*Asks:* 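Attaching a single structure in structure tokens format; questions to follow.
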Amino acid sequence: MNNSFYITTPIYYPSGKPHLGHAYCTLACDALARFNRLEGKNVLFATGTDEHGQKIQQKADELKITPQEYVDNMRKDFKTLTPLMNFSNDDFISTTEERHKKAAQEMWKRLEKAGYIYKSTYSGWYCVSDEAYFTEEELVDGKSPDSGNPVEWMEEDSYFFKLSAFTDKLLEFYEQNPDFIQPEIRRNEIISFVKQGLQDISISRSKFNWGVPVPGDEKHVMYVWIDALTNYLTVAGFPEKDITEFWPANAHVVGKDIARFHCIYWPAMLIAADIPTPKTVFVHGHWVAEDGRKMSKSLGNVIDPYEVVEQFGQDQLRLYLLSAITFGGDGSFSRDAFIAKSNSYLANDLGNLFQRVLSFAHKNFDGKIPALGELTDEDKAFLANFEGLADRVKAQMDDYKINSAIEEIWTCVRAANKYMEEQHPWTYKKEDPAKCGHILRVLMESFKFLACLTEPFIPTGAAKLANQLGYEKLTLADLNELISLQEGKEFDKPEGVFARIQIEEA
RNA sequence: GGGCUGGUAGCUCAGUUGGUUAGAGCAGGGCACUCAUAAUGCCUUGGUCGUGGGUUCAAGUCCCUCCCAGCCUACCA
């Protein structure tokens, strides 16, 4: 079996600053990528920017700079998401890179050779001010539905991809690969859409030139589809290298707004080019504001990830986004719920657990890991929670149930607090220090499971927790031995890892 | 118009192929404890499972009606 795992975010269109939606999508991929690394897999996790197109060219023109200068600048903003959120992406692809131009052109050639590309004319009602085409049905009183400005019938030479040839092939493909589109609701939507029959899509433009040139016809540049979607192959090494190490990708994680392109166009193109299809396109939902409305500047209800991280912390934001909603569904960002979750899960449950045990042990056992006595039935029952934890978390993660995975872990966090309470080691501090130490030691052994398995979700804090136990870095392999700490080994005096968020400010 | 989701305790949600007194977290109330970040543990309040029918020995869990919310219905990622 292949021991690699390849996961991607969409490549983001850098016509504005990155926002919560970008951060969220990459975050979900990051958690999945990190978990697979813990398993010891060879992971490739990629994100990037989609830098071609008329809009970019137009923005650059307005600023009187070249499109390349414009995207070079905008790309920097998107790259700041990685340190902000502590993302672990292995690659950051830009469509203006040379390696990508080669890949996109190779993709084009293969489609052309296979007979799925033809030249014709693209026509429709074009609104000059909107720079967009509309269909007959979309027009309002014969004018642009967006701006109300007049439209004119335009025709332009364009290359087309024979998507229409794939209606039945795709339906069969979905049938044979039930996990290709997740979750179920998106799968249903896509299938019912395809059942209506597919039309060919226009894949080149000649009105602007900021794009990958069409092989053999320099008057045309590729329109978004082939250019953008092929990025996933570029990262895997196409067409230069043997791509089989990471291709087919395990998952493309995308927002529901771009589900169709990934669930229909992309597999059709791959089938046409005789390239294996990715295993899964996972479609996630969107975050709306607390009032249930879309976040927008004019409503003033935008949640800015940069501000949240600065004010409350990176792990806090990560945990909230990953655990507050079912992965795949929509969510509303509630400030109160965010604070409640951060305090309850991080400060009270997990952070305080480590602090109460480790500071107690440090103070009373000379800063050394205390000795373990005979395991009692209670000890065994307690530790049994942790023995199967990695498998339970894995089962949820493999099924893209990120929030359920987190719940599995917190069930054990609560069990540890409960064990501490029931064993009340403080009562043995004087009369029976060995028993006191034994109890703390049992807890410390359980901690390595927690420090390890929380890492995909709250990497910064989890690393600190691991350090407190004396580990540089933990992987699932470190969890094979239930008892593995070294008696007598010194450990640092612990410091609180997750601070409580005070609720004074209104 | 057609299609897809969902409507379960104050809040956010779990509820496998229908089967004992419907669960969790948070919030609320009471108690306990002191190792800890006024943290933790225990107990507890709270639900006619959207509506009205039906199938069944048995339905939150299947079928039908209706109400409510959201989403999809192509080339502006």
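Values below: all heavy atoms of this structure, side chains included; hydrogens, waters and symmetry mates excluded. Note that the structure is a prediction, hence the values are computed from the model and not measured.
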*Asks:* Which nucleotide in the list B:rG25, B:rU73, B:rA14 gets nearest to the side chain of A:R414?
*Replies:*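 When the side chain of A:R414 is considered, B:rG25 is the closest of B:rG25, B:rU73, B:rA14.
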*Asks:* Heavy atoms only, 4.0 Å cut-off, all strands: where does A:V497 land among base, sugar-phosphate and nothing?
*Replies:*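 A:V497: base contact, heavy atoms under 4.0 Å.
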*Asks:* Examine A:R75 relative to A:Y12 and say whether NZ or CZ is less than 6.0 Å from the centre of the six-membered ring and inside a 45° cone about the ring axis.
*Replies:*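 No, a cation-pi geometry is absent between A:R75 and A:Y12.
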*Asks:* If we take the P atom in both B:rU51 and B:rA9, what is their distance in whole Å?
*Replies:* 11 Å
*Asks:* Are A:W410 and A:E408 linked by a side-chain donor-acceptor pair shorter than 3.5 Å?
*Replies:* no
*Asks:* Taking any strand in view, what nucleotide pairs with B:rC75 in a Watson-Crick or G-U wobble way, both distances under 3.5 Å?
*Replies:* none
*Asks:* Starting at CZ of A:F312 and ending at C1' of B:rU37, how long is that distance when rounded to a whole Å?
*Replies:*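 Distance, rounded to whole Å: 17 Å.
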*Asks:* Quick one: label A:E407 by what it contacts on the DNA or RNA (base, sugar-phosphate, nothing), any heavy atom closer than 4.0 Å.
*Replies:* nothing
*Asks:* Does A:S334 reach a base, just sugar-phosphate, or nothing at all? Heavy atoms under 4.0 Å.
*Replies:* nothing
*Asks:* Between A:K79 and A:F92, is NZ or CZ placed under 6.0 angstrom from the six-membered ring centre and within 45° of the ring axis?
*Replies:*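 Verdict for A:F92: a cation-pi partner in A:K79.
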*Asks:* Please give, in whole Å, the distance from B:rC71 C1' to A:D257 CG?
*Replies:*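 Going from A:D257 (CG) to B:rC71 (C1'), I get 13 Å.
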*Asks:* Report the distance from atom CZ of A:F261 to atom P of B:rC72, rounded to the nearest whole Å.
*Replies:*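 So the two atoms are 12 Å apart, to the nearest Å.
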*Asks:* Between A:N417 and A:D227, which residue's closest nucleotide on RNA chain B lies nearer the 5′ terminus?
*Replies:* A:N417
*Asks:* Hey, does A:D349 reach any base, or is it just sugar-phosphate, or nothing, if we go heavy atoms under 4.0 Å?
*Replies:*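 It contacts sugar-phosphate atoms only.
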*Asks:* Give me the atom names and distance for the closest heavy-atom approach of A:L469 to A:L485.
*Replies:* O-CD2, 4.4 Å
*Asks:* Is there a Watson-Crick or G-U wobble partner for B:rA24 with both distances under 3.5 Å, and which nucleotide is it?
*Replies:*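 Check on B:rA24: paired to B:rU12, both distances under 3.5 Å.
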*Asks:* Quick one: which of B:rC35, B:rC71, B:rA74 gets closest to the side chain of A:L198?
*Replies:* B:rA74
*Asks:* From CZ of A:F360 over to P of B:rA39, roughly how many Å is that when rounded to an integer?
*Replies:*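 Distance check: A:F360 CZ to B:rA39 P gives 21 Å.
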*Asks:* Side-chain donor-acceptor pair under 3.5 Å between A:S359 and A:H362, yes or no?
*Replies:* no
*Asks:* Is there a Watson-Crick or G-U wobble partner for B:rG41 with both distances under 3.5 Å, and if so, which one is it?
*Replies:*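 Base partner found: B:rC31.
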*Asks:* Output the rounded distance in Å from CD (A:Q396) to P (B:rA14).
*Replies:*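 Whole-Å distance recorded here is 13 Å.
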*Asks:* Should B:rA59 form a Watson-Crick or G-U wobble pair with both distances under 3.5 Å, which nucleotide is its partner?
*Replies:*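 Check on B:rA59: unpaired, no WC or wobble geometry under 3.5 Å.
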*Asks:* Does the B:rA36 base have a donor-acceptor partner in the side chain of A:N352 within less than 3.5 Å?
*Replies:*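 Side chain to base: pair found, below 3.5 Å.
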*Asks:* Looking across every strand, which nucleic acid part, if any, lies under 4.0 Å from A:Y12 by heavy atom: base, sugar-phosphate, or nothing?
*Replies:* nothing
*Asks:* Quick one: label A:K363 by what it contacts on the DNA or RNA (base, sugar-phosphate, nothing), any heavy atom closer than 4.0 Å.
*Replies:*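 Counting heavy atoms under 4.0 Å across all strands, the contact made by A:K363 is with sugar-phosphate only.
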*Asks:* To the nearest Å, how far apart are A:R356 CZ and B:rC33 P?
*Replies:*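 The distance from CZ of A:R356 to P of B:rC33 comes to 15 Å, rounded to the nearest Å.
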*Asks:* Is it possible for you to check whether A:R260 lies under 6.0 Å from the centre of the six-membered ring of A:F193, through NZ or CZ, and within 45° of that ring's axis?
*Replies:* yes
*Asks:* Tabulate protein N/O versus nucleotide N/O from nucleotides 4-10 of chain B, keeping only pairs under 3.5 Å, one per line.
*Replies:*
| from | atom 1 | to | atom 2 | distance (Å) |
| --- | --- | --- | --- | --- |
| B:rC4 | O3' | A:N188 | ND2 | 3.1 |
| B:rU5 | OP1 | A:N188 | ND2 | 3.1 |

*Asks:* Once you apply a heavy-atom cut-off of 4.0 Å, does A:G197 come out as touching a base, just sugar-phosphate, or nothing?
*Replies:*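 Since a base atom lies under 4.0 Å of A:G197, the category is base.
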*Asks:* Please indicate yes or no: is the ring centre of A:W426 less than 5.5 Å from the centre of the six-membered base ring of B:rC35, with the two planes inclined by under 30 degrees?
*Replies:*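 Given the distance and angle limits, yes, they stack.
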*Asks:* Does some side-chain heavy atom of A:F160 sit less than 4.5 Å from a side-chain heavy atom of A:Y122?
*Replies:* yes
*Asks:* Does any nucleotide pair with B:rG46 by Watson-Crick or G-U wobble geometry, both distances under 3.5 Å, and what is it?
*Replies:*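 The base-pairing partner of B:rG46, which may sit in any strand shown, does not exist here.
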*Asks:* Between A:Y345 and A:Y320, is the ring centroid distance below 6.0 Å?
*Replies:* no
*Asks:* Taking only the C1' atom of each, what is the distance from B:rA39 to B:rA22 in whole angstrom?
*Replies:* 32 Å
*Asks:* Within the 4.0 Å heavy-atom criterion, would you say A:A337 contacts the bases, only the backbone, or no part of the nucleic acid?
*Replies:* nothing
*Asks:* Going by distance alone, is a donor N or O of one side chain under 3.5 Å from an acceptor N or O of the other, for A:Q57 and A:N209?
*Replies:*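 Short answer, yes.
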*Asks:* Calculate the interatomic distance between A:I258 atom CD1 and B:rA74 atom C1'; express it in whole Å.
*Replies:* 15 Å
*Asks:* Tell me the partner of B:rU65, counting only Watson-Crick (N1-N3 plus N6-O4 or O6-N4) or G-U wobble (N1-O2 and O6-N3) with both under 3.5 Å; none if nothing fits.
*Replies:* none
